[in-house]
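Have a look at the structure below before the remarks.
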Amino acid sequence: MQTPYSVADYLLDRLAGCGVGHLFGVPGDYNLQFLDHVIEHPSVRWVGCANELNAAYAADGYARVSGVGALLTTFGVGELSAINGIAGSYAEYVPVLHIVGAPCRGAQRRGELMHHTLGDGDFLHFYRMQQAVTTASAVLDEQNACYEIDRVLRTMLIERRPGYLMLPADVAKQPATPPDDILIVPLSEPESSVAEAFRYHARERLLDSPRVALLADFLALRFGLQPVLQRWMAETPMAHATLLMGKGLFDERHPAFVGTYSAGASSDYVRQAIEDADTIMCVGTQFVDTLTAGFTQQLPQERTIEVQPHASRIGTRWFNIPMEQAVTTLRELCLEMSFSLPPERPPTGRIQIEKGALTQENFWHTVQQFLAPNDIILVDQGTAAFGAAALTLPGGAEVLVQPLWGSIGYALPAAFGAQTACPERRVILIIGDGAAQLTIQELGSMVRDGQSPVILLLNNDGYTVERAIHGENQRYNDIAAWSWTQVPQAFSRECQAECWRVKQAVQLEEVLARLARPQRLSLIEVVLPKADLPELLRTVTRALETRNG
Ligand code: TPP
């Protein structure tokens, strides 16, 4: 017999309508019945994870490549394990819906001594904890469920940040009516006088600028501006760059793409091409300490136009205008004008890279040769993130990195999530040995689901990035030495993974040459010197240590 349409079905239909095809998480008795509806659902697939933190990272990785993600955990114990991951999604504007199965309303009303509570009869402790890391949240009941599901999802989509739904087990079963239309997300329209004023002041500013430059960052990606920005750069030749978090926004082989901007840690060419323009248009930028060598950007207010999701600034004046409209206005104005050309790229000459034993330098050079169009490259928050800043991406390739929240171990489950969303794309994960020890269990899920990511595991004998900041030889920067190439075997009974341990640059080249179209999970343990750093990180750590006093 078919079960009657319920709140659980409504929620799943709404998720499917938002483009969610997979729900990550871990079961618990408060969400098991909801899970039966997931299993029955025609388009939302359940993806079990090894723990809730990994599930939150996986949902985040999934959302970064496909738009929206979703996560299911159980009350208290599950949701608090996930909260670190959700906080990362909040900090970095990734819309993930966190659904938490909770005790029935009767038990809550009576304040019963239920498992997974603090034992004080207060069932809202965890709901309150989630407030700081979500843009909208609700405790669902029979009366409000459908309305609140829509409200939370709508706010999530507008703000591009996580939402939270507490779903008591009995509420999930309540009858509901299927939605008869798609979820409408209203477009915010500025007052026409504001739009006019923005256009007027932007024109004045641009007319006064012989040379302009564009610096765009991850908020432009999150708010869907990649197509319009790419079109704009194809039409109007101007120096343009992203920060590390926005990497992948542009076609990096475009002649006027100057590189990844890292403020004072950028090359002279990148820095001058951006900072010396008469007007710098900063679209969706956030200047994080680690990405700007400790806030060394030279982008004074009077020479910048700043475009943020819901407002834009010209000089010191702010206009309440949505990002897309501001960018479209700037693009139209640029089409009417002519600017001097971006500076010539200095000749690089032939750089001789030492092959021999692997170093950060020849490792990243080899990775650069390996990249192909449409790759999804995930880099974790150790040396990997900083090395990746110097890569030039082939067309359609993107980088997933979490430098603002900066929780090590993120990239491995996020790679699982990204590969779940895009099974046909090649996923390359570059992660330190320290970071991998936090979240390695998700290798099991990758093998279970037949995924074939290429995993470059950087074995540099511990926390190298921390050694560079402080305590180079202190025991707190050491980790347990694992037999990395045996790890995938431990995570699947019939091992469907291939593993290598490489110490020489040519060995790495040889292995990567076989992985143009990997058919199974490939783990390459890359042995690197303990204290070696990518050039960018050397500059950044000097700046950070100074700031920490
Ligand atoms: N715990 C979490 C969850 N996140 C953090 N950022 C830290 C601790 C502090 N931390 C930042 S980088 C790092 C640590 C412990 C070491 C990373 O080492 P590894 O992953 O081996 O990369 P490597 O620098 O050696 O390439």
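Small disclaimer: the values here were computed from a predicted structure and weren't measured. FYI, the numbering just counts along the sequence from 1. Both counts, for ligands and for their atoms, begin at 1 and track the order of listing.
In terms of N/O distances under 3.5 Å, ligand 1 is not approached by Gly382. Considering backbone and side-chain atoms together, Asn84 places no N or O closer than 3.5 Å to any N or O of ligand 1. Looking at ligand 1, you'll find an N or O of Ala435 within less than 3.5 Å of one of its N or O atoms. Remark: ligand 1 and Val465 share an N or O pair separated by less than 3.5 Å (distance only, no angle test). Checking only distances, Thr383 does come within under 3.5 Å of ligand 1, N or O to N or O. Residue contacts with ligand 1: Asp433 is placed with a nitrogen or oxygen under 3.5 Å of a nitrogen or oxygen of the ligand (distance criterion only).
A donor-acceptor pair is defined here as one N or O able to donate and one able to accept, closer than 3.5 Å; such a pair exists between the side chain of Asn51 and the backbone of Leu53. Between the Asp289 side chain and the Gly294 main chain, no donor and acceptor come within less than 3.5 Å of each other.
A ring-centre distance under 6.0 Å is not found for Phe295 and Phe287. Ring pair His116/Phe75: centre-to-centre distance not below 6.0 Å.
Under 3.5 Å, the side chains of Glu442 and Asn54 contain a donor-acceptor pair of N or O atoms. For the 3.5 Å distance criterion, the side chains of Tyr261 and Glu275 qualify, holding a donor opposite an acceptor.
A heavy-atom separation below 4.0 Å is not found between Leu458 and ligand 1.
For atom 14 (C) of ligand 1, the nearest non-hydrogen atom of the protein is Glu466 OE2, 3.2 Å. If you check which protein heavy atom lies closest to atom 16 (C) of ligand 1, you get Tyr463 CD2, 3.3 Å. Taking atom 2 (C) of ligand 1 as the reference point, the nearest protein heavy-atom neighbour is Ile408 CG1, 3.6 Å. Atom 3 (C) of ligand 1 has as its closest protein heavy atom Ser407 OG, 3.5 Å.
Among Gly432, Gly462, Ala411, Gly387, the residue whose heavy atom lies closest to atom 25 (O) of ligand 1 is Gly462. Taking each of Ala468, Gly406, Pro534, Gly434 in turn, the one with a heavy atom nearest to atom 21 (O) of ligand 1 proves to be Gly434.
Per-residue contacts place Asn460 under 4.0 angstrom from the following atoms of ligand 1 (heavy atoms of the residue considered): 23 (P), 25 (O), 26 (O).
Salt bridge present: Glu509 and Lys355 bring a charged side-chain N and a carboxylate O closer than 4.0 Å.
In this structure, His115 and Tyr30 have parallel ring planes: the angle between them is below the 30° cut-off, well short of the 60° mark.
Looking at Asp478 and Tyr463, their side chains never come closer than 4.5 Å, going by heavy atoms from C-beta outward.
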